[in-house]
**Q** 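Supplied in structure tokens, the structure appears directly below.
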Amino acid sequence: MSMLSAILYGASSVDTVHILTLHGVVPEVAAYLLPLCEVFGSLEPTLSTKSNKADDPSVYMVFSLAFLFLLRLWKFYRPPLEQCMTEHARAVGGELSLEYLLSLYNNRTVFSQNETNSNPDHIENVSDNATYVHSYPKLRSWYWQNRSCIVSTLSVLSSENPVHQLANKILNMICLKMTKSGSTLGNSSTTSSGGSSTSAGEDAFQRPIQVPAWEVLEAIPFVLEAILTSCAHGRLSSRDLTTGLRDLVEFLPASLAAIISYFSAEITRGVWKSVWMNGIDWPSPAAILPSVQSEIKEILAATGVSIPNYPSDVSQIMLPLPMAAFVSLTITFKLEKNLEYIHAVAGPALESCASNGPWPGIPVVGSLWAQKVRRWHYFIVFSFSRSVFRQNKECVAQLLRSCFTAFLGSVPVLTPSLSSQSGVNGLLGSTIADRNVHPIVAPGFLYLRSCRLIQDVLYINDVIVRLVAEFARSSALRWESTDNPRLKSSQASLCLATVRAREVGTLGAILICVSGGFRLVEGLYRETIPTWLLSGKETKHGEVSAVSRVVEGYALAYLLILSGSYMWSLDDKLPNWVLTKRVRIVGNHMDFLAGVLEGKIALACHPATWKAYVSCLVGLMVNFAPAWIQEVNLKTLRTLASGLRGWHECELALTLLERGGVAAIGSAAELPVALSKWYFCLTSFAVTELLLILEATSRRLSHIRKLRRGWDNLVANPSYKEKVSVPAPL
């Protein structure tokens, strides 16, 4: 136990966990913690459970260190952004599940064994030895009880139930200090019917409870409900409530996990009354609350975000009872190195509870902690300023708009409230303020620190697509309104506007990937872009020119291709599960395009936007993602090529079929009628090149040679030049 305690103490530090995160070994660490939690949580303590020092470890302490470390990885772990784009995509926008962490570990184990050993029997043994939650009965039992406690209120237990009896013993143990100060729990639902609480508490304290830690964790939610109910009805003072919670954590530090889960669920339900944070019954934030409020508003206002006004009377601040109890408990913990494993869990949990609670819980909780640790003032203010974006969709939309404005510069339809500096420096900032200086941050930096907290991440797709279209149209308006006559010519204006469209699409793709990873990119292909094209949402800034419509289509195409390339690469060197999803997602979107071209789906967007989107999308796939084309259905490729031919994009149509492989290019050879319809807009060089490719790849050589002789005779015919009208660019 001494060795394990020392290892777990060191591993629980903030720096160590950060290093493990950067190395991407969090799933492995979580899997290795499971047997420690299962074994030590099932042992009855033999040493004094009052000790929580590293040099005098107990069974409870070793279990608590391992269990809180596991909870920290499971509930509050946020993988690096680059990992979120691949296997950790489901971690974005919410907490991880324990099953998901274990599935990552099992997949990595099988993958590594496949690389080192090709024996199928050995690989099958590895799969049989995979790690699952149900492999640990005690952990599984608590895990499901914890989930049921979160989704519903506690059920009433009979007095004969072992959990009820243990809850009574724990209540009697922690009531000793309460009874000495004159407070009692009264007739709570879990108080034992026989004997006085005072004598029972003294007897329990003299003979510490010696039951496995898993059983204690199972009974703690009922203990918490009893003491909260007593406090709500005035039978227990707020001071004694905080003392009881502190004694419970000292008895079994792992009980902090049950406290976090129970209080978080009750805060979300909103069924408990609010209490006055007046400095008498509960700690008061009035001393620095106005300054913290103004600093949070200043940070957000600098990034173009406005938040609701705070209450003017700081003496009337109220918090829900569970939140007040939790924040009062956390500020009683000493800032010592040996309690870092407690703070590492309590800190993120407190921020999460404040964000999920009613307004203005965020600045109140931040002020209480800033009063306790003054050297953390600016860090606390910045951290709690991020919490605004957890549930407030309007603030998220404002911050995203500020990111586009900072990167691209202000546009005519926007009010230039931000700095004139644009580009990467405008987006992320060029300097980092000193720790003693008020932190004014760039909008992109604030978004990168906040996007992982947003709960409704699917909302981000709609906002980004709307901003991409708006800024693309605005950039075209800028080029059209310039006084330079050269920029008004179609070729130069469209070229410059296309470059701008690529910049807009690039920023949108990056923001989507870092915000929601695979989930958002899949939603972009399946729902957001098709919905945008089908709904035909119009701009609110007057009449839009044809050039603006074209640039909008280009920007949306860049957004789609770049987000997909960031997510699942451009080639075939991918894990099978990623490759399978890419084939399905890209194929569904191309089928949607083909359905529109066939007339099966009616669009509401402008025709210029639609044509520019399809042409640019296919052109990008042809030039940069040919592997994607080979994964598309053959019938879909034929339909797309036919549609492009109708828009006089014949070379693009031919290249599309060429990238589709032998089956796609051979289908054209089997349809001479199609070639006869194409020759009016094709150059002789293009058709000759096509026939040479067919001759080299197709097995029906005689058929191809007949086509080639017919084409040569057609070209030699003097009347051919009279029929053909080749467009100048072609």
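Side-chain atoms are counted along with the backbone in the values below, which use heavy atoms only and exclude waters and symmetry mates. It should be emphasised that the depicted structure is a prediction, and the values quoted were computed from it without experimental measurement.
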**Q** If you round to the nearest 0.5 Å, how far is CZ of Arg584 from OG1 of Thr580?
**A** 8.0 Å

**Q** Distance only, no hydrogens: is a donor on one side chain within 3.5 Å (strictly under) of an acceptor on the other, for Thr303 and Tyr447?
**A** no

**Q** Do we see a donor-acceptor contact under 3.5 Å between the side chains of Ser387 and Glu351?
**A** yes

**Q** Of the non-hydrogen atoms in Leu637 and Gly660, which two are nearest, and what is the gap between them?
**A** CD1-CA, 4.0 Å

**Q** Between CD1 of Ile296 and CZ of Arg386, what distance do you get to the nearest 0.5 Å?
**A** 11.5 Å

**Q** Specify the closest pair of heavy atoms between Val550 and Ala612, including all atoms of both residues, with the distance to one decimal.
**A** O-CB, 3.4 Å

**Q** Would you say Leu617 and His589 make side-chain contact, with heavy atoms under 4.5 Å?
**A** yes

**Q** Take atom CD in Glu598; do more than 12 heavy atoms of anything else shown fall under 6.0 Å from it?
**A** yes

**Q** Tell me if a side-chain donor or acceptor on Arg519 pairs with a main-chain N or O of Val457 at a distance below 3.5 Å.
**A** no

**Q** Check for a donor-acceptor pair, side chain of Thr506 on one end and backbone N or O of Arg502 on the other, with a separation under 3.5 Å.
**A** yes

**Q** Short question: side chain of Thr609, backbone of Cys605 - any donor-acceptor pair under 3.5 Å?
**A** no

**Q** Pairing donors with acceptors under 3.5 angstrom, does anything connect the side chains of Glu522 and Trp568?
**A** no

**Q** Can a donor-acceptor pair be found, under 3.5 Å and without considering hydrogens, that links the side chain of Ser385 to the backbone of Phe382?
**A** yes

**Q** CD1/Ile510 to OH/Tyr566 distance, rounded to the nearest 0.5 angstrom?
**A** 4.5 Å

**Q** Start with the C-alpha distance between Tyr613 and Leu593, add both sets of side-chain angles, then the distance that settles side chain to side chain contact (heavy atoms under 4.5 Å, CB included), and finish with yes or no.
**A** CA-CA 10 Å; Tyr613 173 74; Leu593 302 183; 3.9 Å; yes

**Q** Carefully, step by step, assess Glu552 and Trp532 under the rule side-chain hydrogen bond (donor to acceptor under 3.5 Å, both in side chains).
**A** CA-CA 12 Å; Glu552 176 187 349; Trp532 180 268; 3.1 Å; yes

**Q** Test your reading of the model: is there a side-chain donor-acceptor pair from His606 to the backbone of Arg549, 3.5 Å cut-off?
**A** no

**Q** Which heavy atom of Trp628 sits nearest to which heavy atom of Gly564, and what is that distance?
**A** CH2-C, 3.8 Å

**Q** State, with a plain yes or no, whether a side-chain heavy atom of Tyr558 is found less than 4.5 Å away from one of Leu620.
**A** yes

**Q** Under the side chain to side chain contact (heavy atoms under 4.5 Å, CB included) criterion, do Val514 and Arg452 qualify, and how do the steps go?
**A** CA-CA 8 Å; Val514 301; Arg452 317 284 286 284; over 6 Å; no

**Q** For Arg526 and Ile585, what are the C-alpha separation, side-chain angles and deciding distance, and is it a side chain to side chain contact (heavy atoms under 4.5 Å, CB included)?
**A** CA-CA 7 Å; Arg526 289 182 178 274; Ile585 295 171; 4.0 Å; yes

**Q** Could you check if a side-chain atom of Leu300 sits within less than 4.5 angstrom of a side-chain atom of Leu446, using non-hydrogen atoms only?
**A** yes

**Q** So, using ring-ring contact (aromatic ring centres under 6.0 Å, His included) as the criterion, who are the partners of Phe404 when residues are at least two apart?
**A** Phe471

**Q** Between the side chain of Ser569 and the main-chain N/O of Ser565, is any donor-acceptor distance below 3.5 Å?
**A** no

**Q** Rounded to the nearest 0.5 Å, how far does NZ of Lys393 lie from CG of Asp456?
**A** 4.0 Å

**Q** Side chains of Leu559 and Ile512: closer than 4.5 Å at any heavy-atom pair?
**A** yes

**Q** Could you check whether any side-chain N or O of Asn461 sits under 3.5 Å from a backbone N or O of Leu520, counting only pairs where one atom can act as donor and the other as acceptor?
**A** yes

**Q** With the side chain counted from C-beta on, respond yes when Leu634 and Arg638 share a heavy-atom pair under 4.5 Å apart, and no when they do not.
**A** yes

**Q** Between Arg659 and Gln630, is there a side-chain heavy-atom distance shorter than 4.5 Å?
**A** no

**Q** Compare every heavy atom of Phe518 with every heavy atom of Lys581, then report the nearest pair and how far apart it is.
**A** CD-CZ, 3.3 Å

**Q** Return the minimal non-hydrogen interatomic distance between Ala555 and Ala472, and the atom names on each side.
**A** CB-CB, 3.6 Å

**Q** At what distance, to the nearest 0.5 angstrom, does CG of Leu640 lie from CG of Leu656?
**A** 6.0 Å

**Q** With a 4.5 Å limit on heavy-atom distance, are the side chains of Ser615 and Leu644 in contact?
**A** yes

**Q** Just so I know, are the side chains of Ile454 and Arg390 near enough to count as touching, which here means a heavy-atom distance under 4.5 Å?
**A** no

**Q** With distance as the sole test, does Ser450 use its side chain to make a donor-acceptor pair with the main-chain N or O of Phe389 at under 3.5 Å?
**A** no

**Q** Check Ala442 against Gly429 and note the closest heavy-atom contact, atom names and distance.
**A** CB-N, 3.4 Å

**Q** Nearest 0.5 angstrom please: Leu507 CG to Leu427 CG, how far?
**A** 6.0 Å

**Q** List the steps and the verdict of side chain to side chain contact (heavy atoms under 4.5 Å, CB included) for Leu603 and Leu534.
**A** CA-CA 5 Å; Leu603 295 180; Leu534 292 172; 3.6 Å; yes

